[in-house]
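Numbers here simply count residues along the sequence, with the first being 1. All values reported here derive from a predicted model rather than from experimental measurement. Every number for a ligand or one of its atoms is a count from 1 in the order of the listing.
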Amino acid sequence: MNITIRQENKTDYKKIYELNLLAFEEKEEAVLVELLRENDKFIPQLSLVALLNNKVVGHILFTEIKIIDTNENEFKSLALAPMAVLPRYQKKRIGGKLIIKGLDIATKLNFKSVIVLGHEHYYPRFGFVPTTKWNIKAPYEVPVNAFMGIELVKNGLKNVNGIVKYPKEFDTV
Ligand SMILES: CC(C)(COP(=O)(O)OP(=O)(O)OC[C@H]1O[C@@H](n2cnc3c(N)ncnc32)[C@H](O)[C@@H]1OP(=O)(O)O)[C@@H](O)C(=O)NCCC(=O)NCCS
């Protein structure tokens with residue numbers, strides 16, 4: 001299967017909305033992507049689509065977040081969310097390709113870490129581990145092993161701890 005990953009462009013927006021709707025079976029994530037595009041923390045290079053024969057079959061978005069410690073120190077990071085692959089194309093490693101490409105671009109953009117709330121058996125294969133390792137917490141109750149982070153560079157999360165602050169658009173999901 002020949003999958004291409006590239007940055008989204010305006011002509012993909014409708015397809016991305018539809019694929020999030022189909023993958024999540026609700027509209028919240030599809031709307032979240034649309035709202036985040038309007039946020040100044042949106043990073044165009046990190047909104048990626050997966051194409052199969054020129055058809056958009058997957059999408060991933062990474063948005064800038066902060067991790068704030070008890071002394072109000074702020075550390076810049078990225079949230080991986082949401083990610084979706086059209087149901088009939090799932091389990092063909094398309095999601096994996098989107099993650100790997102996204103992590104590579106994020107590293108090139110000088111981000112040092114990525115945080116994800118997701119399935120505890122899926123993301124570890126890309127190097128994510130529970131954020132308890134660094135004492136980084138979600139702003140709300142989450143299953144402890146589902147909240148994960150990855151260092152994009154050596155010691156990317158060294159001396160980083162605290163609570164993740166997502167852009168306000170995430171409040172709706
Ligand atoms: C999560 C998602 C994007 C993965 O895309 P994909 O192209 O199917 O992923 P891959 O082919 O790289 O990997 C599939 C593997 O991940 C596992 N997996 C992924 N998400 C999972 C989940 N939420 N629960 C259980 N297993 C999951 C699959 O069981 C499969 O395992 P296997 O390789 O052992 O068979 C896709 O399943 C999807 O769109 N799901 C609905 C939306 C969603 O939950 N998004 C993630 C939260 S932001």
Side-chain angles (χ1 to χ4, degrees), residues 1-8 12-39 41-67 77-107 111 113-131 136-150 152 164-173:
M1 217 175 30
N2 195 7
I3 300 290
T4 313
I5 312 284
R6 64 153 170 79
Q7 185 179 327
E8 69 168 21
D12 304 318
Y13 289 0
K14 192 161 172 278
K15 287 276 176 284
I16 292 169
Y17 186 94
E18 285 165 5
L19 90 84
N20 273 288
L21 204 59
L22 288 167
F24 286 97
E25 297 179 313
E26 57 176 36
K27 73 170 188 336
E28 277 73 7
E29 290 79 7
V31 171
L32 175 64
V33 172
E34 304 231 306
L35 293 174
L36 286 171
R37 281 197 194 103
E38 306 302 318
N39 188 298
K41 300 299 180 198
F42 176 74
I43 304 155
Q45 301 96 311
L46 285 173
S47 189
L48 306 174
V49 286
L51 303 174
L52 175 63
N53 301 330
N54 275 331
K55 177 184 157 83
V56 175
V57 293
H59 174 254
I60 194 168
L61 177 60
F62 299 76
T63 303
E64 194 179 314
I65 53 170
K66 287 175 191 162
I67 301 165
S77 184
L78 284 172
L80 186 176
M83 167 167 81
V85 171
L86 275 177
R88 61 181 286 232
Y89 295 99
Q90 288 174 9
K91 299 206 176 196
K92 298 181 191 304
R93 308 275 176 220
I94 297 171
K97 288 189 169 81
L98 282 163
I99 294 172
I100 290 164
K101 185 74 178 174
L103 295 179
D104 180 47
I105 295 170
T107 309
F111 285 94
S113 63
V114 176
I115 303 292
V116 68
L117 173 63
H119 198 266
E120 64 184 74
H121 296 304
Y122 182 57
Y123 293 95
R125 50 179 95 159
F126 306 101
F128 286 87
V129 296
T131 57
I136 294 168
K137 297 194 174 82
Y140 35 75
E141 196 88 7
V142 292
V144 65
N145 288 331
F147 200 62
M148 294 167 272
I150 186 172
L152 297 175
V164 169
K165 186 169 166 56
Y166 290 99
K168 61 181 184 320
E169 288 79 359
F170 279 85
D171 295 348
T172 59
V173 285

Quick one: does any side-chain atom of [X] pair with a main-chain N or O of [Y] as donor and acceptor, under 3.5 Å?
X      : Y     : value
Tyr122 : Gly96 : yes
Asn39  : Lys41 : yes
Asn20  : Ile16 : yes

Open item on the list: Within the 4.0 Å heavy-atom shell around Gly96, which atoms of ligand 1 are there?
Closed with: 12 (O)
- [ ] Within a distance under 4.0 Å of any heavy atom of Lys92, pick out the atoms of ligand 1 and give their elements.
- [x]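 Those of ligand 1 that fall under 4.0 Å from Lys92 are 11 (O).
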- [ ] Report yes or no: does Ala84 have a heavy atom closer than 4.0 Å to ligand 1?
- [x]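 Contact present.
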Using heavy-atom distances only, which candidate in [options] approaches [atom] most closely?
atom                    : options                      : value
atom 32 (P) of ligand 1 : His121, Gln90, His59, Arg125 : Arg125
atom 21 (C) of ligand 1 : His119, Glu25, Glu29         : His119
atom 17 (C) of ligand 1 : Tyr122, Tyr89, Phe24         : Tyr122

Task: Under the side chain to side chain donor-acceptor pair (under 3.5 Å) test, residues paired with Lys137 that sit two or more places apart - done: Asn135
For [atom], grab the closest protein heavy atom and report residue, atom and distance to one decimal in Å.
atom                    : value
atom 29 (O) of ligand 1 : Lys91 NZ, 3.3 Å
atom 2 (C) of ligand 1  : Met83 CE, 4.3 Å
atom 7 (O) of ligand 1  : Gly95 N, 2.7 Å
atom 11 (O) of ligand 1 : Arg93 N, 2.6 Å
atom 39 (O) of ligand 1 : Val85 N, 2.8 Å
atom 41 (C) of ligand 1 : Ala23 O, 3.5 Å

- [ ] Looking only at distances, please establish whether an N/O atom of ligand 1 is found under 3.5 Å from an N/O atom of Pro82.
- [x]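 N/O-N/O distance below 3.5 Å does not exist for this pair.
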- [ ] Heavy-atom distances under 4.0 Å are what count here, so tell me which part of Lys97 touches ligand 1: side chain, backbone, both or neither.
- [x]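 Lys97 to ligand 1: no contact under 4.0 Å from either part.
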Task: Ile94 and its side chain to side chain contact (heavy atoms under 4.5 Å, CB included) partner, picked from Val85, Ile99, Ile60 - done: Val85
Open item on the list: Testing Leu61, Leu80, Leu48, Val49 one by one against Leu98 for a side chain to side chain contact (heavy atoms under 4.5 Å, CB included), which residue passes?
Closed with: Leu48
Task: Minimum heavy-atom distance between Ile115 and Ile136, given as atom pair plus value - done: CD1-CG2, 4.4 Å
TODO: Can you sort out the partners of Lys66 under salt bridge (charged side-chain N to carboxylate O under 4.0 Å, His left out), two or more places apart, ordered by chain and number?
DONE: Glu74
TODO: Look at the aromatic rings of Tyr140 and Tyr166 and report parallel, tilted or perpendicular, splitting at 30° and 60°.
DONE: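 Parallel: the ring planes of Tyr140 and Tyr166 meet at under 30°.
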